[in-house]
Colleague: 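The structure that follows is given in the form of structure tokens.
In what follows, chains are A, B, ... by sequence order, proteins preceding strands, each numbered from 1.
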Amino acid sequence: MNELTERFWPFIKVLALPYLAIMFVLLFPMEYYLQTPGGLAEVEAIIQVEDGYEQEGTISSTYIMSIKRPTFFQFMAGYFSDYSTSGELSGSDADYTNEEINTISYLDKYTSVNAAVIVAYEKASEIDDSITIEYSQNLMVYGKADYLSHYDAIDFGDEFVQMEGDGGMIVTSQDYIDYMDSLDDEDESNDESNPIAEYTEDKKLYEFTFLDEDGEAYSVVLEKNAETDKFGLTLELYYLVNKETTFPVYQESDSNIGGPSGGLLQTLSIYNMLIPEDITKGRKIAGTGEINYDGSVGYIGGVKQKIVTAYLNDVDVFFIPNLDDDYYYDNYQEALRVCEELNIDPEGWLVPVSHVDEAIDFLNDQNGGITP
Amino acid sequence: MKFLKKVSWKPLREEVGLKTVLDAFLGGFVYATLIFFPVFVILVELMVVYMYKRYTYVVLIIVALMFHQMLIHYFAKRALYLKKEDLKADIRPMFVMSETLINVIYLIGGLLFIFVFMPQLWV
């Protein structure tokens with residue numbers, strides 16, 4: 001090795017600085033995000049219903065590459081692509097590390113699969129009453145502010161159990177769920193009826209109990225932030241399937257793809273495995289959209305990249321969320337704009353849906369809306 | 001067959017010793033990796049950005065791996081001749097065979113990755 005070093009030393013001296021400069025460009029992360037097209041992931045590969053019905057075609061969710069803090073080189077490579085979108089990191093993305101963003105993304109995906117199973121089983125049970133599903137309501141940690149005390153002790157996805165408030169008052173997860181339900185009814189935030197806010201006025205320190213991902217209970221004493229008068233914890237309500245009492249049994253496989261936007265397609269695929277009639281009719285079906293527990297379809301991000309992905313993969317049908325007129329963000333309208341920008345004809349394959357029923361009705365249609 | 005008969009590390013090992021051969025390959029590996037490291041980083045980063053062309057980039061990475069190991073052999077050969085200018089052992093057949101063998105392994109591994117592991121990874 002020394003002989004090589006001696007022989008090439010003049011070159012090494014000259015090239016060392018340019019080499020370091022190249023490595024800097026290749027490895028230095030930027031406080032930006034970059035979204036680029038990804039691919040299709042067949043739902044059957046991640047969720048299988050035991051003794052489920054076979055399908056002739058395919059149902060796939062669409063994933064994109066969402067790169068948080070790309071390197072300078074990645075950013076420049078994506079910047080000049082017609083298919084990419086980039087911008088400065090903002091909101092929670094700017095506060096969280098890439099690892100935390102990934103954890104949240106997988107939590108989104110986990111809860112999305114549960115929602116898809118619930119909606120699909122309930123829908124299929126209207127056809128076959130032997131299909132049963134049971135689920136529980138869980139309050140899970142979805143957000144952590146940087147001022148949260150014991151930040152590292154509490155993980156995303158941990159389940160909130162209870163909190164000991166003023167005068168020994170116990171606020172359980174059910175109390176908080178009732179509060180969240182009341183918010184839905186009133187459709188506005190009401191801090192006065194928030195049981196955690198209501199019973200944490202006298203002191204600064206309060207004991208919270210959570211369940212970790214292994215179901216082990218742990219308690220931490222959290223301190224209210226003086227500036228915000230909050231603990232810095234965001235709890236979200238999720239419905240999780242009780243697999244033991246659900247029939248037929250289903251299996252989930254590991255997946256590298258996170259996020260909740262595969263919900264609608266997961267619902268359609270699971271539904272198709274549960275009913276005798278094949279709704280795919282041999283077609284290559286893809287799409288995007290979150291699934292809500294009532295079967296409605298929620299909006300998603302990365303529309304441009306998803307449309308490009310679908311187009312490059314030559315799908316027969318692509319479902320896209322179509323929200324009501326008074327919603328501020330409409331994925332379908334954005335998709336049409338993208339098609340116009342990239343000179344893609346949306347006729348026949350781009351299908352706007354606002355509810356899973358609309359997607360099923362479309363697929364059940366004899367020609368599926370596709371010109372033969 | 002004549003070529004294959006010449007493929008043996010024994011004459012080289014006896015002439016310069018195992019330690020020298022290993023040192024030559026270590027030098028080859030270090031310098032070839034220094035040169036190819038940015039290439040691998042560029043290809044992986046481009047693959048992440050252009051994921052819809054991932055198969056193209058995986059093929060390019062496999063080709064780059066092949067060139068990387070060929071460069072290791074080239075530097076190792078240079079190091080051996082720098083260590084001993086009047087090297088008598090015929091190292092060319094051994095190096096050609098070694099490079100071919102490693103390239104075949106990379107090729108099989110690459111094809112397995114493309115056709116077996118990649119479809120499982122992206123679900």
Side-chain angles (χ1 to χ4, degrees), chain A residues 1-8 11-12 15-16 18-23 25-27 34-47 60-61 63-67 70-81 83-84 86 253-257 262 305 308-313, chain B residues 16-17 19-58 60 64 71-85 87 113-114 116-123:
Chain A
M1 186 167 164
N2 290 341
E3 292 78 9
L4 282 176
T5 308
E6 261 173 51
R7 173 74 183 80
F8 293 117
F11 297 104
I12 294 169
L15 295 174
Y19 187 88
L20 288 174
I22 290 171
M23 293 314 295
V25 168
L26 291 177
L27 301 174
L34 183 66
Q35 289 181 331
T36 60
L40 301 181
E42 276 189 46
V43 180
E44 254 190 323
I46 50 165
I47 306 164
S60 308
S61 57
Y63 66 87
I64 62 165
M65 296 308 292
S66 186
I67 308 164
T71 65
F72 185 76
F73 176 74
Q74 276 180 319
F75 184 79
M76 293 315 288
Y79 188 79
F80 293 108
S81 165
Y83 301 155
S84 71
S86 56
S253 306
D254 287 340
S255 162
N256 287 322
I257 301 161
Q305 290 71 33
V308 172
T309 303
Y311 182 70
L312 293 173
N313 282 280
Chain B
V16 295
K19 206 179 156 192
T20 307
V21 177
L22 290 176
D23 185 65
F25 271 94
L26 176 70
F29 178 79
V30 168
Y31 283 104
T33 305
L34 265 174
I35 291 169
F36 265 85
F37 184 66
V39 177
F40 290 131
V41 174
I42 286 169
L43 289 174
V44 170
E45 289 192 355
L46 282 175
M47 188 175 79
V48 172
V49 173
Y50 297 101
M51 188 51 82
Y52 58 99
K53 292 177 181 171
R54 58 187 173 277
Y55 286 97
T56 309
Y57 284 105
V58 170
L60 288 175
L71 197 62
I72 293 174
H73 282 82
Y74 169 77
F75 280 133
K77 201 158 67 181
R78 286 290 295 264
L80 283 170
Y81 277 110
L82 284 169
K83 280 173 193 289
K84 195 162 189 269
E85 277 179 30
L87 198 65
F113 186 75
I114 288 171
V116 180
F117 298 117
M118 275 182 78
Q120 289 174 0
L121 276 171
W122 276 272
V123 292

Colleague: Can you measure from CD (Gln74(A)) to CE (Met47(B)) and round to the nearest 0.5 angstrom?
Modeller: 11.0 Å
Colleague: List the atom of Pro38(B), the atom of Ile22(A), and the distance in Å for their closest heavy-atom pair.
Modeller: CB-CG2, 4.4 Å
Colleague: Identify which part of Ser61(A) has an atom lying under 4.5 Å from any heavy atom of chain B, answering side chain, backbone, both or neither.
Modeller: neither
Colleague: In terms of heavy-atom proximity below 4.5 Å to chain A, should Tyr52(B) be classed as side chain, backbone, both, or neither?
Modeller: both
Colleague: Are the side chains of Ile42(B) and Phe73(A) in contact, using a 4.5 Å heavy-atom criterion?
Modeller: yes
Colleague: Take a 6.0 Å sphere around CZ of Phe29(B) and say whether it holds more than 12 heavy atoms from other residues, nucleotides or ligands.
Modeller: no
Colleague: Given heavy-atom pairs under 4.5 angstrom as the criterion, report whether the side chain, backbone, both or neither of Thr71(A) touches chain B.
Modeller: side chain
Colleague: Can you confirm if the aromatic rings of Phe8(A) and Phe75(B) lie within a centre distance of less than 6.0 Å?
Modeller: yes
Colleague: Between Pro37(A), Gly78(A), Gly39(A), Ser60(A), which shows the greatest number of heavy-atom pairs under 4.5 Å with chain B?
Modeller: Pro37(A)
Colleague: Step through the shown structure and confirm whether more than 12 heavy atoms of other residues, nucleotides or ligands are within 6.0 Å of CZ on Phe40(B).
Modeller: yes
Colleague: Using heavy-atom distances under 4.5 Å, tell me whether Val49(B) contacts chain A through its side chain, its backbone, both, or neither.
Modeller: both
Colleague: First locate atom CD1 of Ile67(A), then atom CD of Glu45(B), and finally report the distance between them rounded to the nearest 0.5 Å.
Modeller: 9.0 Å
Colleague: Is it the backbone or the side chain of Ile12(A) that comes under 4.5 Å from a heavy atom of chain B, or both, or neither?
Modeller: side chain
Colleague: Can you tell me how far the CE atom of Met23(A) sits from the CZ atom of Phe37(B), to the nearest 0.5 Å?
Modeller: 4.5 Å
Colleague: Carefully, step by step, assess Leu80(B) and Glu3(A) under the rule side-chain contact (heavy atoms from CB on, under 4.5 Å).
Modeller: CA-CA 9 Å; Leu80(B) 283 170; Glu3(A) 292 78 9; over 6 Å; no
Colleague: Between Ile64(A), Leu312(A), Leu4(A), which shows the greatest number of heavy-atom pairs under 4.5 Å with chain B?
Modeller: Leu4(A)
Colleague: Do Tyr19(A) side-chain atoms and Leu34(B) backbone N/O form a donor-acceptor pair below 3.5 Å?
Modeller: yes
Colleague: Rounded to the nearest 0.5 Å, what separation is found between the CZ atom of Arg54(B) and the CE atom of Met65(A)?
Modeller: 9.5 Å
Colleague: Only pairs of heavy atoms separated by less than 4.5 Å count here; which of Ser84(A), Ser81(A), Gly262(A) has the most with chain B?
Modeller: Ser81(A)
